[in-house]
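Structure first, commentary second.
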2 protein chains.
Amino acid sequence: MANSKKMDCVILGLLSHKPMTGYEIKKQMDYSLRFFWGASYGSIYPTLNNLVKDGMIVSKDISENGRDKIQYTITEKGSKHLKKWLILPVEKDELRYETLLKLFFGCENGVQETLHHIEVFENKTKKELAFLKMMEAELEQIKDTEDAHIYYLLTVRFGVKTYEAYLSWCEEAKKCLEESKV
Amino acid sequence: MANSKKMDCVILGLLSHKPMTGYEIKKQMDYSLRFFWGASYGSIYPTLNNLVKDGMIVSKDISENGRDKIQYTITEKGSKHLKKWLILPVEKDELRYETLLKLFFGCENGVQETLHHIEVFENKTKKELAFLKMMEAELEQIKDTEDAHIYYLLTVRFGVKTYEAYLSWCEEAKKCLEESKV
DNA sequence: CTTACCATGTAAGGCGTTACATGATTCA
DNA sequence: TGAATCATGTAACGCCTTACATGGTAAG
């Protein structure tokens, strides 16, 4: 009760914007929440069923583009539940950065291998950053068309700022390790 | 085999620096890895027993300061295992940022509450940053006394850079939301 | 004398992924 | 016609946290 399951709240949050199918929820997560939250079908579909049981959402069988789907809509109860969760203090923000782990133990691995890990990380970050900047540009254009957009934009900018910091660190870290080789 | 349990490798990594007890491993993690990795006793102690069974580490009952402890030392096999894991490509770096989740759904929560979440996040980040800067200063002084220190320093600098980016974002985000109130 | 910290562990249970299973449709 | 994508789910399992359980020592 004190702090509901997060998966529940993420899905309620997404459904508070518009009715969606499980499949669409997954797509939406992979697109909008990709850099700070993830979920698999194996957790999404069971969660949806539980939310229906709890009266937080209702399901409706629809047919679109010649495909059978199950569309979920948030209920009044679900909306209240979401809002209650939103005002609660954040429990924890956590990272599990394997890259940093391998860096921390870099001494056992050698400079060359460690540099390689950094480069892989750098490339991944560059790609993600390009994606985020594209989203940022998109959102800036439609910023005023909907209240929610400003919040989306803020999360995207968070991503942009952190990824830029990562890249700046990569530069420094590479230099630092190159020098230590000499 | 392809990619061993991470908990195993973290512990092997820490033990590769020096022999430690389970309690010390936990302390060390909370201190050095705090901002990118975490673990509880409930996973550390069982992991240690498994590592002994697998011959990756050996245990030794010791008595120190009038206390009975079990000290673990990495074996040749454990060292090889660690090195094998270190050169493997990173599987995934993940964040689970509840703050960003609540921000993303900020529209359902209102500007005021969202600002509050940002301020809490900002304060927590400031404290962590101060801690990291202290570690940075410490490490810079002893940088050349041991090969491993440069790697510790790099992880700490990663933290410093990202936390500074977080704070810079907080400033912007607060302004942005304040303006939207008008 | 009691609080805080040192020190080690177990058990239950939560939470989520991976892999499997199925089948329709669209497009090259 | 075969691959990719749409669409929904289940089952097994892994991994970890929380809470519980125990007991010693140091310091106020």
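All chains are named by letter (A, B, ...) in the order of the sequence lines, taking the proteins before the strands, and each is independently numbered beginning at 1. The structure displayed is predicted, hence computed values, not measured ones.
- For the pair A/Arg34 and A/Phe131, the cation-pi criterion (under 6.0 Å, within 45° of the ring axis) is fulfilled.
- Across every non-hydrogen atom of B/Arg157 and A/Cys176, the tightest pair is NH1-SG, 4.3 Å.
- Among D/dG9, C/dT8, D/dT8, the nucleotide with an atom closest to any side-chain atom of A/Lys69 is D/dT8.
- A sub-4.0 Å separation between OP1 or OP2 of D/dT17 and a side-chain N or O of B/Ser43 is present.
- Among B/Gln112, B/His117, B/His116, B/Glu113, the single residue meeting the side chain to side chain contact (heavy atoms under 4.5 Å, CB included) criterion with A/Ile87 is B/Glu113.
- Comparing A/Gly38 and B/Lys27 by the nucleotide of DNA chain C whose heavy atom lies nearest to each, the residue mapping closer to the 5' end is B/Lys27.
- Atoms CD (B/Glu94) and C1' (C/dT17) sit 10 Å apart, rounded to a whole Å.
- Residue A/Tyr45 has a polar side-chain atom (N or O) positioned under 4.0 Å from OP1 or OP2 of D/dT8.
- Taking the six-membered ring where tryptophan is involved, the planes of A/Phe121 and A/Trp169 are perpendicular, since the angle between them exceeds 60° and thus also 30°.
- In this structure, the CD atom of A/Glu64 is 14 Å from the P atom of C/dT25, given to the nearest Å.
- Atom-to-atom, NZ of B/Lys26 to C1' of C/dC6 comes out at 14 Å; the value is rounded to the nearest Å.
- Regarding contacts with the backbone of C/dT18, every side-chain N or O of A/Ser40 stays at 4.0 angstrom or more from both OP1 and OP2.
- Using a 3.5 Å distance cut-off with no hydrogens or angles, the side chains of B/Ser168 and A/Lys161 do pair a donor with an acceptor.
- Atom CG in A/Asn65 sits about 15 Å away from atom C1' in C/dC27, given to the nearest Å.
- Axis angle across the helix from C/dC1-D/dG28 to C/dA28-D/dT1, with five pairs used at each end and values rounded to 10°: 30°.
- Not one side-chain nitrogen or oxygen of A/Tyr23 sits closer than 4.0 Å to the OP1 or OP2 atom of D/dT8.
- Seen from the ring of A/Tyr41, A/Lys26 counts as a face-on cation partner, given the 6.0 Å and 45° thresholds.
- Rounded to a whole Å, the CG atom of B/Asp68 is 10 Å from the P atom of C/dA7.
- Relative to the side chain of A/Ile70, the nucleotides D/dG9, D/dT10, C/dT8 differ in distance, and D/dG9 lies closest.
- Of the listed nucleotides (D/dT25, C/dT26, C/dT8), C/dT26 has the atom at the smallest distance from the side chain of A/Arg67.
- Between the side chain of B/Lys102 and the backbone N or O of A/Leu88 there is at least one donor-acceptor pair closer than 3.5 Å.
- Out of D/dC6, C/dT8, C/dT10, the shortest distance to the side chain of B/Asn49 is found at C/dT10.
- Look at CG on B/Asn50: it is 12 Å from P on D/dC16, rounded to the nearest Å.
- Across all strands, A/Gly42 comes closer than 4.0 Å to base atoms (heavy-atom distances).
- For the pair A/Ile44 CD1 and C/dC15 P, the interatomic distance rounds to 16 Å; values are reported in whole Å.
- Surrounding NZ of B/Lys133 are at most 12 heavy atoms belonging to other residues, nucleotides or ligands under 6.0 Å away.
- Rounded to whole Å, atom P of D/dC15 lies 12 Å from atom CZ of A/Arg96.
- Take the nearest nucleotide of DNA chain C for B/Tyr41 and for B/Lys92: the residue whose nucleotide is more 5' is B/Tyr41.
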